[in-house]
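Counting convention: from 1, in listed order, for ligands and their atoms alike. Here, residue 1 is the first one in the sequence, and each next residue gets the next number.
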Amino acid sequence: MRVLVTGGAGFIGANFVLRTLETRPDAQITVLDKFTYAANPHTLEPVAGRVTVVRGDIGDAAVVDPLVAESDLVVNFAAESHNDNSLRDPSSFVTTNLVGTYTLLESVRRHDTRLHHISTDEVYGDLALDDPARFTEETAYNPSSPYSSTKAGSDLLVRAWVRSFGVRATISNCSNNYGPYQHVEKLIPRQITNVLTGIRPKVYGDGRNVRDWIHVDDHNDAVWTIIERGELGETYLIGADGEVDNRTVVETILRQLGQPADAFDFVTDRPGHDRRYAIDSTRLRTELGWSPRYTDFDAGLAATVDWYRNHRDWWEPVKAGVEASYATTQRVLN
Ligand code: NAD
Ligand code: DAU
């Protein structure tokens, strides 16, 4: 199978490429990636001989079309992915997440190529901490941020192209991923690398916001399950029952790195900060037979801490720039 992985040099896309090489050695993989600040060119270096890498924009039809024409499957991970950035400047979110997805859709429509579109649970908005409900495939879209609204829009484009033009596509909406190769702007790698560089971790607001954590390999195995066994035109939610609040995540990282659990700062909250995400992945589990392998979050987190400890050369070059940028908008409260 010839697989085009868009955004394959970013966190989840690169892990997808590496996992696919392990689990499906016959797959011929081409990565199309713009190599924005979020891509790390070193991630795919060890597999350079086994993967074709094209530097280009999913919004550029002249680049996209020939690649789609020679693929059996497109898996679209390419996106602007960070909420905080979308609050500073939403423009690239509109261009990549909406116009980029539109460009891909027109191309897979022209060539009748199968598409799997990667999306997020944030399209459903948020839940109260004491709400017994979790998101399901039937939950109404209600996104909060420029990031999540452009992802919601991209999902709706895919659904419309399925219904109106018969495009062969599936969508998955997953909860918060953790694992190796995640950019240090995101909560878990930011705080691990803060501790490793002598900076106190930074927790937004009261630290009680809840995220539903899943290991990136579990996400990517679920994506392959949907590609191979999912029904065309359908949406599947991916989650591993991993609800934890941010304060607990940071305290756990501190303990795992041998620091006092209270050695962190509270900083100004993210505007419009979603309170809680929680996924009910019953459909994926019962209809398609997927289940997560990483069910012990503390153990998965400890392995991730070790990965960052042992791969300083991967993240150190960008660490200071990320912290300098955060310092312009975030004030310590304690
Ligand atoms: P990331 O920011 O780490 O990687 C995104 C990749 O897309 C980068 O390599 C970047 O260079 C590339 N890219 C950006 N704009 C592009 C463009 N115009 N053309 C081609 N490539 C472009 O993001 P991630 O965390 O790996 O997320 C991947 C996908 O998964 C996104 O669609 C995101 O919405 C979704 N998602 C992420 C999470 C999470 O927890 N990180 C959870 C659910 C869904
Ligand atoms: O739910 C899926 C989404 O998860 C994906 O669609 C996004 O691409 C991905 O970035 C992630 O979004 P979040 O906004 O939840 O992730 P982030 O790592 O930015 O923040 C996680 C939580 O931690 C959130 O409540 C904000 C908080 N936070 C974040 C940072 C960076 C802190 O308290 N301190 C921080 O320094």
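- No part of K151 comes within 4.0 Å of ligand 2, judged by heavy-atom distances.
- For S92, no heavy-atom contact with ligand 1 is shorter than 4.0 Å.
- Of the heavy atoms in K151, only side-chain atoms (C-beta onward) come closer than 4.0 Å to ligand 1.
- Polar contact with ligand 1: present for D33 (N/O pair, distance under 3.5 Å).
- Per-residue contacts place F35 under 4.0 angstrom from the following atoms of ligand 1 (heavy atoms of the residue considered): 11 (O).
- Nearest protein neighbour of atom 27 (C) of ligand 2, counting heavy atoms only, is N246 ND2, 3.4 Å.
- Nearest protein neighbour of atom 43 (C) of ligand 1, counting heavy atoms only, is C174 O, 3.3 Å.
- Checked against the 6.0 Å centroid threshold, H183 and Y37 count as a close aromatic pair.
- For atom 19 (N) of ligand 1, the closest non-hydrogen atom of the protein is I58 N, 2.9 Å.
- Residue-ligand proximity: G56 is placed with a non-hydrogen atom under 4.0 Å from ligand 1.
- Both cation-pi conditions hold for R211 and Y277: the charged atom is under 6.0 angstrom from the six-membered ring centre and inside a 45 degree cone around its axis.
- Between S119 and D155, the shortest heavy-atom distance links the atoms OG-OD1, 2.9 Å.
- Between F297 and W213, the angle of the ring planes stays under 30°, which puts this pair in the parallel group of the 30/60° scheme.
- Taking distance alone, with nitrogen or oxygen atoms compared against 3.5 Å, K34 approaches ligand 1 more closely than that limit.
- The shortest heavy-atom distance from Q191 to ligand 2 is under 4.0 Å.
- Using a 4.0 Å cut-off between heavy atoms, E122 contacts ligand 2 through its side chain alone, with no backbone atom that close.
- A side-chain donor-acceptor contact under 3.5 Å links N173 to the backbone of T120.
- Closest to atom 1 (P) of ligand 1, if we only count protein heavy atoms, is S81 OG, 3.5 Å.
- Distances between N or O atoms of N177 and those of ligand 1 include at least one value under 3.5 Å.
- Checked by distance only, ligand 1 and L32 stay at 3.5 Å or farther apart across all their nitrogen or oxygen atoms.
- Cation-pi geometry between R200 and F264 is not met at under 6.0 angstrom from the ring centre and within 45 degrees of the axis.
- The closest protein non-hydrogen atom to atom 35 (C) of ligand 1 is I118 CG2, 3.8 Å.
- For the atom pair OG1 (T96) and CD1 (I58), the distance works out to 6.0 Å, reported to the nearest 0.5 Å.
- For atom 9 (C) of ligand 2, the closest non-hydrogen atom of the protein is S81 O, 4.0 Å.
- Residue contacts with ligand 2 for L187 involve both N, CA, C or O and side-chain atoms from C-beta outward (heavy atoms, distance under 4.0 Å).
- In terms of protein heavy atoms, atom 44 (C) of ligand 1 is closest to S119 O, 3.1 Å.
- Note on ring orientation: taking the six-membered ring where Trp is involved, the planes of H82 and Y326 are perpendicular (angle over 60°, cut-offs 30° and 60°).
- An N or O contact shorter than 3.5 Å is missing between A38 and ligand 1 by distance.
- No N or O atom of G59 sits closer than 3.5 Å to an N or O atom of ligand 1.
- Residue contact check: F77 has heavy atoms under 4.0 Å from atoms 28 (C), 29 (C), 31 (C), 32 (O) of ligand 1.
- Surrounding CZ of R293 are more than 12 heavy atoms belonging to other residues, nucleotides or ligands, all under 6.0 Å away.
- The single protein non-hydrogen atom nearest to atom 14 (O) of ligand 2 is R270 NH1, 2.6 Å, given as residue, atom name and distance.
- In terms of N/O distances under 3.5 Å, ligand 1 is approached by T96.
- F11 CD2, 3.7 Å is the protein heavy atom nearest to atom 25 (O) of ligand 1.
- Counting atoms of ligand 2 from 1 in the listed order, those under 4.0 Å from a heavy atom of K202 are 32 (C), 33 (O), 34 (N), 35 (C), 36 (O).
- Interface atoms of ligand 2 facing V203, defined by a heavy-atom separation under 4.0 Å, are 33 (O).
- The only member of D121, D241, D126 that meets salt bridge (Lys or Arg N to Asp or Glu O under 4.0 Å) when paired with R134 is D241.
- Note: W307 and H311 have parallel aromatic rings, judged against thresholds of 30 and 60 degrees for the angle between ring planes.
- At distances below 3.5 Å, not a single donor-acceptor pair connects side-chain atoms of D280 with backbone N or O atoms of F135.
- Between atom 14 (C) of ligand 1 and the options S154, G7, G10, A79, the minimum heavy-atom separation is to A79.
- Contacts with ligand 1 closer than 4.0 Å are made by side-chain heavy atoms of Y147 only, the backbone lying farther away.
- Partner of F93 under the side-chain contact (heavy atoms from CB on, under 4.5 Å) criterion, chosen from L87, L98, N85: N85.
- A donor-acceptor pair under 3.5 Å links the side-chain atoms of D72 to the main chain of R2, judged by distance alone.
- Closest protein heavy atom to atom 42 (C) of ligand 1: S175 O, 3.2 Å.
- The N/O atoms of D57, backbone and side chain alike, include one that comes under 3.5 Å of an N/O atom in ligand 1.
- Summary of contacts: the protein heavy atom closest to atom 16 (O) of ligand 2 is N176 ND2, 3.5 Å.
- The six-membered or imidazole ring of W224 lies near that of F16, with a centre-to-centre distance under 6.0 Å.
- The shortest contact between atom 10 (O) of ligand 2 and any protein heavy atom is with K186 CE, 3.0 Å.
- Close contacts between ligand 2 and Y147 involve ligand atoms 5 (C), 6 (O), 7 (C), 8 (O) [criterion: under 4.0 Å to a heavy atom].
- By heavy-atom distance, the residue among Q182, R208, H273 lying nearest atom 24 (C) of ligand 2 is H273.
- For atom 26 (O) of ligand 1, the nearest non-hydrogen atom from the set D60, I12, N97, T36 comes from I12.
- Neither the backbone nor the side chain of A14 has a heavy atom within less than 4.0 Å of ligand 1.
- Between F11 and F77, the ring centre distance reaches or exceeds 6.0 Å.
- Considering N246, N209, D84 in turn, D84 is the only one that fulfils the side chain to side chain donor-acceptor pair (under 3.5 Å) rule with Y204.
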